Amino acid sequence: MMAYLTLEDGTIFKGESFGAKIDIMGEVVFNTGMTGYQEVLTDPSYCGQIVTMTYPMIGNYGIDEAISESSGPQVRAFVMRELCKEPSNWNCRETLQEYLERYNIVGLAGIDTRELTRKLRDKGTMHGIITQVPPSVHQIEEMKVFEVERPVDKTTCAKKYQYCVGERKVAVLDFGLKRNILRSLEKRGCGLTVFPARTDPQEILEGNFDGLMLTNGPGDPKVNTEIIENLKQLIGKLPIFGICLGHQLVALAMGADTEKLKYGHRGANHPVKDMQKNKVYITSQNHGYTIMSRSLPACAVVSHKNWNDQTIEGVKYIGYPMFTVQFHPEAAPGPEDTAYLFDEFIELIDRKRRS
């Protein structure tokens with residue numbers, strides 16, 4: 001069955017429909033990872049987005065729920081050049097097609113993903129709509145103004161829960177977390193309590209936690225005004241490590257500003273330089289916004305830079321037990337070169353406990 005991807009500039013891509021046979025709209029983005037499509041599908045930071053994979057064949061090792069980064073797919077639709085219908089992997093439990101059908105997610109294969117990716121790189125991220133027949137004028141106009149309102153509210157947990165026990169008590173503010181963040185802290189001896197995104201900061205302070213983890217999440221960081229105000233009451237009170245959206249929200253709480261990137265950073269092969277170590281690492285990334293360097297407060301020191309476009313990838317705050325990074329040290333998918341940052345967070349916690 002044929003389906004159509006229409007971009008807001010009028011470009012139409014015709015391909016083969018699989019998964020859910022419904023019309024869906026969203027922000028069209030691309031991911032450059034060669035593998036890790038299941039982790040991409042289940043990353044809550046993709047809430048509201050139609051994700052295109054640049055690698056030509058997707059689905060060749062099937063699906064294994066054990067490696068999902070959340071409870072199910074978070075994307076609005078999944079686009080690729082070729083769908084592998086007969087995967088080969090000893091861990092495969094079902095095909096990608098079966099998986100998307102089970103979760104009612106739209107899939108589109110057989111389009112020229114190179115052309116689509118070049119268009120998004122040249123013109124920037126665009127809205128799009130996937131339809132089973134050519135879209136109507138009304139659908140195109142509706143697609144151009146499509147937004148997911150307060151996406152963090154759709155990806156955060158409904159109520160707090162204890163993930164594990166450990167030597168160090170760490171609170172986790174869930175903006176749409178990836179499970180490997182929790183696993184990375186657990187194996188370093190942390191006991192984790194996960195809180196919804198809009199938790200009253202006083203509840204966290206009264207919990208006598210040794211540290212606070214701020215997770216990844218979807219959307220424009222500036223719309224999270226309540227969360228930003230809450231963070232202002234937590235900063236300086238306990239050691240903080242922020243990843244992705246957590247990184248951006250801390251910057252906004254400290255008086256900095258953010259802006260949208262032309263087409264974002266999404267993939268598992270982005271070079272980032274640790275300015276202190278004078279070493280470049282390959283990182284996993286998924287974000288469409290960045291901190292504006294000229295807006296940083298005097299206490300902020302840029303700790304990491306993207307070596308492709310020189311955007312800020314990490315910040316340390318002098319005088320505060322706090323640091324943040326834009327990329328994903330927990331990987332999943334991608335290289336684990338920067339997992340040392342979790343060790344630095346543990347060291348920060350232990351120094352605070354000894355003081």
Side-chain angles (χ1 to χ4, degrees), residues 26-27 43-49 70-71 74 76 145-163 169-178 181-182 185 192-261 264 286-292 295-297 299-300 312 315 317 320-326 328 345:
E27 183 182 42
D43 181 349
S45 294
Y46 283 113
C47 174
Q49 295 178 327
S70 65
S71 59
Q74 304 289 331
R76 292 187 59 86
V145 297
F146 171 82
E147 295 290 344
V148 175
E149 293 186 10
R150 296 170 65 156
V152 168
D153 289 348
K154 301 182 186 306
T155 56
T156 188
C157 57
K159 58 183 179 180
K160 80 171 183 179
Y161 62 92
Q162 186 169 13
Y163 178 78
K169 287 178 58 181
V170 175
V172 180
L173 264 182
D174 176 14
F175 306 134
L177 66 80
K178 291 168 63 182
I181 292 177
L182 301 181
L185 291 170
L192 305 175
T193 303
V194 183
F195 291 87
R198 299 182 186 277
T199 297
D200 186 329
Q202 197 60 36
E203 182 179 354
I204 294 174
L205 293 175
E206 290 174 355
N208 295 317
F209 290 98
D210 297 314
L212 174 62
M213 179 78 237
L214 306 176
T215 76
N216 62 292
D220 182 350
K222 289 182 183 178
V223 305
N224 301 290
T225 53
E226 179 186 339
I227 297 172
I228 293 167
E229 290 303 313
N230 288 345
L231 289 179
K232 290 178 182 179
Q233 300 180 52
L234 294 168
I235 289 172
K237 304 291 178 60
L238 71 174
I240 294 176
F241 179 22
I243 292 175
C244 197
L245 182 62
H247 160 81
Q248 297 164 357
L249 293 175
V250 165
L252 291 168
M254 293 295 288
D257 199 3
T258 57
E259 62 183 347
K260 189 168 186 176
L261 293 165
N286 174 18
H287 61 100
Y289 293 82
T290 186
I291 297 172
M292 300 168 66
S295 72
L296 285 172
C299 66
I312 294 173
V315 179
Y317 295 88
Y320 297 87
M322 178 171 69
F323 67 97
T324 65
V325 292
Q326 182 65 78
H328 289 267
F345 182 43

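Since this is a predicted model, take the numbers as computed values, not measurements.
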From NZ (K260) to CG (D220), nearest 0.5 Å:
8.0 Å
Just wondering, are more than 12 heavy atoms of other shown residues or ligands nearer than 6.0 Å to NZ in K222?
yes
Could you measure the distance from the CD atom of Q233 to the CG atom of D200? Nearest 0.5 Å is fine.
7.0 Å
Could you tell me whether the side chain of V152 reaches within less than 4.5 Å of the side chain of L245, counting heavy atoms only?
yes
Atom pair CD1/CD of I312 and Q326 - distance to nearest 0.5 Å:
9.5 Å
Please work out which of the three classes, parallel, tilted or perpendicular, describes the rings of F345 and F241, given edges at 30° and 60°.
tilted
State whether the side chain of S70 and the backbone N or O of D43 hold a donor-acceptor pair below 3.5 Å, judged by distance alone.
no
Grab the two heavy atoms, one from I227 and one from A197, that are nearest each other, plus how far apart they are.
CG1-O, 3.7 Å
Stepwise side chain to side chain contact (heavy atoms under 4.5 Å, CB included) test for L238 and D210:
CA-CA 7 Å; L238 71 174; D210 297 314; over 6 Å; no
For M292 and T258 the tightest heavy-atom approach is SD-O, 3.7 Å
Nearest heavy-atom approach of P44 to P218 is O-CB, 3.5 Å
Hey, what do you get for CE (M213) to CG (D174), rounding to the nearest 0.5 Å?
11.0 Å
So, for Y317 and A300, which heavy atoms are closest and what is the spacing to 0.1 Å?
CE2-CB, 3.8 Å
Minimal non-hydrogen separation, T199 against N230, with atom names
O-ND2, 3.5 Å
Nearest 0.5 Å, please: how far is CG in L212 from CD1 in I240?
5.0 Å
Show, in sequence, the C-alpha distance, side-chain angles and deciding distance for T156 and R198, and conclude whether the side chain to side chain contact (heavy atoms under 4.5 Å, CB included) test is met.
CA-CA 9 Å; T156 188; R198 299 182 186 277; over 6 Å; no
Taking atom CZ of F323 and atom NE2 of H247, what is their separation to the nearest 0.5 Å?
12.5 Å
Y163, OH atom: more than 12 neighbouring heavy atoms under 6.0 Å:
yes
Mind listing the closest non-hydrogen atom pair of H328 and C244 along with its distance?
NE2-SG, 3.7 Å
Could you check whether any side-chain N or O of T290 sits under 3.5 Å from a backbone N or O of E259, counting only pairs where one atom can act as donor and the other as acceptor?
no
Close side-chain approach of N224 and L252, heavy atoms under 4.5 Å
no
Tell me, please, whether F209 has K169 positioned over its six-membered ring: NZ or CZ under 6.0 Å from the ring centre and within 45 degrees of its axis?
yes
Taking atom types as modelled, is there a side-chain donor on N286 or N216 under 3.5 Å from an acceptor on the other?
no
